[in-house]
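Scroll down for the structure; my scribbles are underneath it.
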Amino acid sequence: MASKTSKTTAPPKGSKASETSAASLTSVTSVTSKNFAEKLLTVPPPIEVAGRRIKRYHVTADPAGIAPDVQEAAYAMLPKLLPEADGTPPATFVVLHRGADDGAYLNAYSWVWDNVLHFKGASAGQPVLGCPDRDPTHFIAPDLPWIGCVWELPPILHERDAWVRHMLAPDTPDLDAYMADCLSEGTTGDRS
């Protein structure tokens, strides 16, 4: 059973987010189990950005999906989140998450060094993360070591297994097969 205790955690010292006012930090508390609900996960078609093939996952509680202006702003930020080419087939998967408040989050997980995930994220509308305002289309790339929240993590295991299945285990890697192998749409949880 999850703890019913609320806890406020400040971002690491020296990060842009740590410069946020104490008043903003006190508004961030962990959610208790009675308030938790899975969110919807959809899988838009892949795109290509900066020479990388990008699988996309969208997470939101809104059945209408993520607003087009938020999507456009997030994907405009994506080139800044991608690593330099290193000889690994250029594949990335992203999770675009629209929070229940003003926040929007773009997590980019890119395959590098043959079998390693590179991570870089962007946030909008969340002043506690260093965002300058509550505009969900005004993305910044905070310097934080966080890789995703509970709603953003479900694609990671699937993508790890798909990378092994299509890129590492076969005699001949098949990037097209990897790109076609996505986590099914549904909710972010209850997948066992």
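Positions are given from 1, in the same order as the sequence printed here. Reckoned from all heavy atoms, side chains included, excluding hydrogens, waters and symmetry mates. Every value quoted in this text rests on a predicted model; they were computed, and no experiment measured them.
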Practice task
Specify the closest pair of heavy atoms between G121 and P142, including all atoms of both residues, with the distance to one decimal.
Solution key: O-CD, 3.9 Å
Practice task
Before giving the answer on side-chain contact (heavy atoms from CB on, under 4.5 Å), spell out for K120 and H118 the whole-Å C-alpha distance, their side-chain angles and the decisive distance to 0.1 Å.
Solution key: CA-CA 7 Å; K120 186 125 176 130; H118 169 279; 4.1 Å; yes
Exercise for the section: List for me each residue that meets ring pair (Phe, Tyr, Trp, His ring centres under 6.0 Å) alongside Y109, sequence neighbours excluded, and say none if there are none. Expected result: F93, F119
Problem - No-hydrogen, no-angle side-chain donor-acceptor test under 3.5 Å, T188 and E38 - result: yes
Handout entry: Side chain R134, main chain Q126, donor-acceptor under 3.5 Å
Key = no
Handout entry: Linked, directly or transitively: M167 and V112 (ILVMFWY side chains, under 4.5 Å)
Key = no
Practice task
Determine yes or no for a side-chain-to-main-chain donor-acceptor pair under 3.5 angstrom, with W163 supplying the side chain and D114 the backbone.
Solution key: yes
Handout entry: Straight-line distance of R56 CZ to H58 NE2, nearest 0.5 Å
Key = 5.0 Å
Problem - Neighbour count above 12 (heavy atom, 6.0 Å) for E72 CD - result: no
Handout entry: Linked, directly or transitively: V95 and L153 (ILVMFWY side chains, under 4.5 Å)
Key = yes
Problem - Atom pair CG (L144) and CD1 (I147), whose distance is rounded to the nearest 0.5 Å - result: 13.0 Å
Fill in the blank from the handout: Residue pairs passing the side chain to side chain donor-acceptor pair (under 3.5 Å) test with at least one member in residues 78-91, sequence neighbours excluded, are D86-T88
Practice task
Could you tell me whether a side-chain N or O of R52 sits under 3.5 Å from a main-chain N or O of P90, the two making a donor and an acceptor?
Solution key: no
Fill in the blank from the handout: Taking every heavy atom of A61 against every heavy atom of P63, the minimum-distance pair comes out as O-CD, 3.3 Å
Practice task
Could you go through the side-chain contact (heavy atoms from CB on, under 4.5 Å) check for V43 and K55 one step at a time?
Solution key: CA-CA 8 Å; V43 185; K55 289 180 169 185; over 6 Å; no
Exercise for the section: Work out which heavy atom in P155 is nearest to a heavy atom in E152; give both atom names and the distance. Expected result: CD-O, 3.4 Å
Exercise for the section: For H97 and N107, test the side chains for any donor-to-acceptor distance below 3.5 angstrom and give the result as yes or no. Expected result: no
Problem - Polar side-chain atom of K39 near backbone of G189 as donor-acceptor pair, under 3.5 Å - result: no
Handout entry: Under 3.5 Å donor-acceptor, Y57 side chain and L183 backbone
Key = yes
Handout entry: Connected hydrophobic set around I54, excluding itself, where side chains approach under 4.5 Å
Key = I47, V49, I66, V70, Y75, M77, L78, L81, L82, V94, L96, L106, F139
Problem - side chain to side chain contact (heavy atoms under 4.5 Å, CB included) partners of V150, counting only residues at least two apart - result: F36
Practice task
Measure the shortest side-chain to side-chain distance between P127 and D133 over non-hydrogen atoms and say whether it is less than 4.5 angstrom.
Solution key: no
Practice task
Take D62 and R98 through the test salt bridge (charged side-chain N to carboxylate O under 4.0 Å, His left out) and record every step on the way to the result.
Solution key: CA-CA 9 Å; D62 186 347; R98 185 66 165 94; over 6 Å; no
Exercise for the section: Kindly say whether A37 contributes a backbone atom to a donor-acceptor pair with the side chain of W151 at under 3.5 angstrom? Expected result: yes
Problem - Spacing of CG belonging to L129 relative to CD1 belonging to I140, to within rounding of 0.5 Å - result: 7.0 Å
Completion exercise
All heavy atoms of C131 vs all of S123, minimum pair found to be SG-O, 3.5 Å
Name the atoms and distances for all side-chain donor-acceptor pairs under 3.5 Å in residues 168-178, with sequence neighbours left out.
| unit_1 | atom_1 | unit_2 | atom_2 | d |
| --- | --- | --- | --- | --- |
| D174 | OD1 | D176 | N | 3.3 |
| D174 | OD1 | A177 | N | 3.0 |
| D176 | OD1 | R53 | NH1 | 2.8 |
| D176 | OD1 | R53 | NH2 | 3.0 |
| Y178 | OH | W111 | NE1 | 3.0 |
| Y178 | OH | E159 | OE1 | 2.5 |

Fill in the blank from the handout: Cluster membership besides L157, Ile/Leu/Val/Met/Phe/Trp/Tyr side chains within less than 4.5 angstrom, sorted by chain and number, is none
